[in-house]
Amino acid sequence: MVPVPGHDMLSLEQVTGRLESAGQAHVLQFWPELCEAEKDVFLQELSQLDLQGLQDHCEGAARAAASPSASLDPHMEPVPPESVGSVRKSDKHSLAVWGNEGLLQISEDRVGVLLLAGGQGTRLGVQYPKGMYDVGLPSGKTLYQIQAERIHKIQELADRKHGSKCTVPWYIMTSEFTLAPTEKFFKENNYFDLEPSNIVMFEQRMIPAVTFDGKVILQGKGKIAMAPDGNGGLYQALVDNKVLEDMKKRGVQYLHVYCVDNILVKMADPVFIGFCVTKGADCGAKVVEKTSATEPVGVVCRVRGISQVVEYSEIQPETAELRGPGGELVYSAGNICNHFFTRAFLQDVAAAHKGQLKQHVAFKKVPFVDTCGNQVKPTKPNGIKMEKFVFDVFPFSRNFVAFEVEREEEFSPLKNADGAASDSPTTARNALLAQHGRWAKAAQATLVDEPGNTLPPAASASAADNPPAQCEISPLVSYFGEGLEELLKGRALPTALLLDEKRAKELQAQ
Ligand code: UTP
């Protein structure tokens, strides 16, 4: 049921026959009402679907939706300590060793980053790709721009340390919804001064949404409701678009995969890369300590001895509440969709495992046309979207590691529209401003308001009533907070402060 690229156009008879044998004859119920142009487009769409697989897909979706999954709890255990690293628990020396290793790999062109940007961002509710969202920073930068500038900076840091002229290629997985606007946006912004040939955009597949009894949903009289196949569609998309070949050609051995919505993402983080490489890992996940047993994030752990992510909805409350001797949660490793993969591992997944990925069922409100041809916008879930998840390849890893990082430094996702209590434009903006305020303080600067009063640090990045000082530092000036002391030490800096390259030069000259 997935579009098969380059599929020949079928005749109406062929399509009708295939739909009937798949139990989906209703798809053509409005055919006589369509005009010639609509018929052409619809027939083309239907010709591109793997109609043979349609029945399996629909029955699978309906079955999965109806059957509760077996309890994993008795088989769960945390990832063993020898496979876990932690920023908080490591000494400065170890962190520096990992960071140096990562920078070395970057300087030798062995590291790429891969952005998952095919999602529809329905909770945020904007009609354009989430990466184009501006959370309201003083600079007005979008998520895409922030990420592009981090690539610039990490290349520069590696070059400076190793005298190289390195490239971190940026692979961007999009979908039918996000490819065209993303391409246009990058072009309009001159690829944020990155070399366009080092930005590789490709598209994931789409699959139909189905009703609870396994019938394909018609979004219009001549249009099936299609959705991207989940961020785990990555592995099929890597094959469809020959991305692994591109990585090989460039000599990329390690890939950092991340989500578009985390404003604090440290792309190609040398410490994480270095940790994974040093450990000889083929697959790794950054995690943050869960804030509470009930926090709705997936947990990185083992089930029957195999590393994987168990979703919060799959764990019984008593298991989620389990605590170790020091009172800490036993299952505290919250997944933040920041993954390390070797190319060899991805090749193995592509060759042997991509068809084995679990299908997750999401219940969604899918707009549809009813049998009378009326357009309906459902108020409660009426359909199933089957999704694969990017982390579902962990079980195929031979040497999986987890790396715990500090939430306030690395994780603030943009999921919801403003007004939501968490993961909104305001919380994302505040998380970044608070981080930059901490960097300025660590560089021994003080931030002052207009009358000259020293501003205290914000109590918490998400506290709407106590927002952090307006202090934004361009990634082109500093990636991790490095290099700021020579610019800022001893200064009282009026806010709003936007420390971009121009301002940095002015400060240097003073
Ligand atoms: P989410 O699961 O948060 O989905 O995606 P979303 O589409 O951004 O938002 P909602 O659920 O519709 O509100 C996590 C990451 O996975 C990517 C997203 O772009 C985001 O970076 N993703 C999601 C894909 O690349 N493809 C998909 O099919 C789904």
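In this structure, the side chains of F272 and K266 stay at 4.5 Å or more apart for every pair of heavy atoms. Between R491 and Q444 there is no side-chain heavy-atom pair separated by less than 4.5 Å. Taking the side chain as every heavy atom from C-beta outward, L143 and L414 approach each other to under 4.5 Å. With contacts defined as side-chain heavy-atom distances shorter than 4.5 Å, the pair E195/T167 does not qualify. Counting heavy atoms from C-beta on, the side chains of M76 and I315 come closer than 4.5 Å. Annotation: side chain of L432 is in contact with side chain of L264 (closest heavy-atom distance under 4.5 Å). Side-chain contact check for W98 versus S90: some heavy-atom pair is nearer than 4.5 Å. At a threshold of 4.5 Å between non-hydrogen side-chain atoms, the residues S474 and L499 do not count as touching.
Screening E408, E404, E410, E328 against R88 for a salt bridge (Lys or Arg N to Asp or Glu O under 4.0 Å) leaves a single residue, E404. Of the residues listed (K249, K242, K248, M247), the one engaging E245 in a side-chain contact (heavy atoms from CB on, under 4.5 Å) is K242, and it is the only one.
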Between H256 and F341, is the ring pair (Phe, Tyr, Trp, His ring centres under 6.0 Å) condition met? List the steps. CA-CA 7 Å; H256 177 206; F341 299 119; 9.8 Å; no
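For the pair E108 and R250, the salt-bridge criterion is not met [side-chain N within less than 4.0 Å of a carboxylate O]. Checked for salt-bridge contact, D269 and K286 meet the test: a charged N lies under 4.0 Å from a carboxylate O.
Contacts of A117 classified as side chain to side chain contact (heavy atoms under 4.5 Å, CB included), with partners at least two apart in sequence or in another chain: L115, Y144, I172, V260.
In this structure, Y312 places its OH atom where only 12 or fewer heavy-atom neighbours from other residues, nucleotides or ligands lie under 6.0 Å away. Residue E82 qualifies as enclosed at atom CD: its count of foreign heavy atoms under 6.0 Å is above 12.
Ring geometry for W439 versus H436: interplanar angle under 30°, hence parallel rather than tilted (30 to 60°).
For residues 293-312, every residue pair satisfying the salt bridge (Lys or Arg N to Asp or Glu O under 4.0 Å) rule, not counting sequence neighbours, is listed here: E295-R407.
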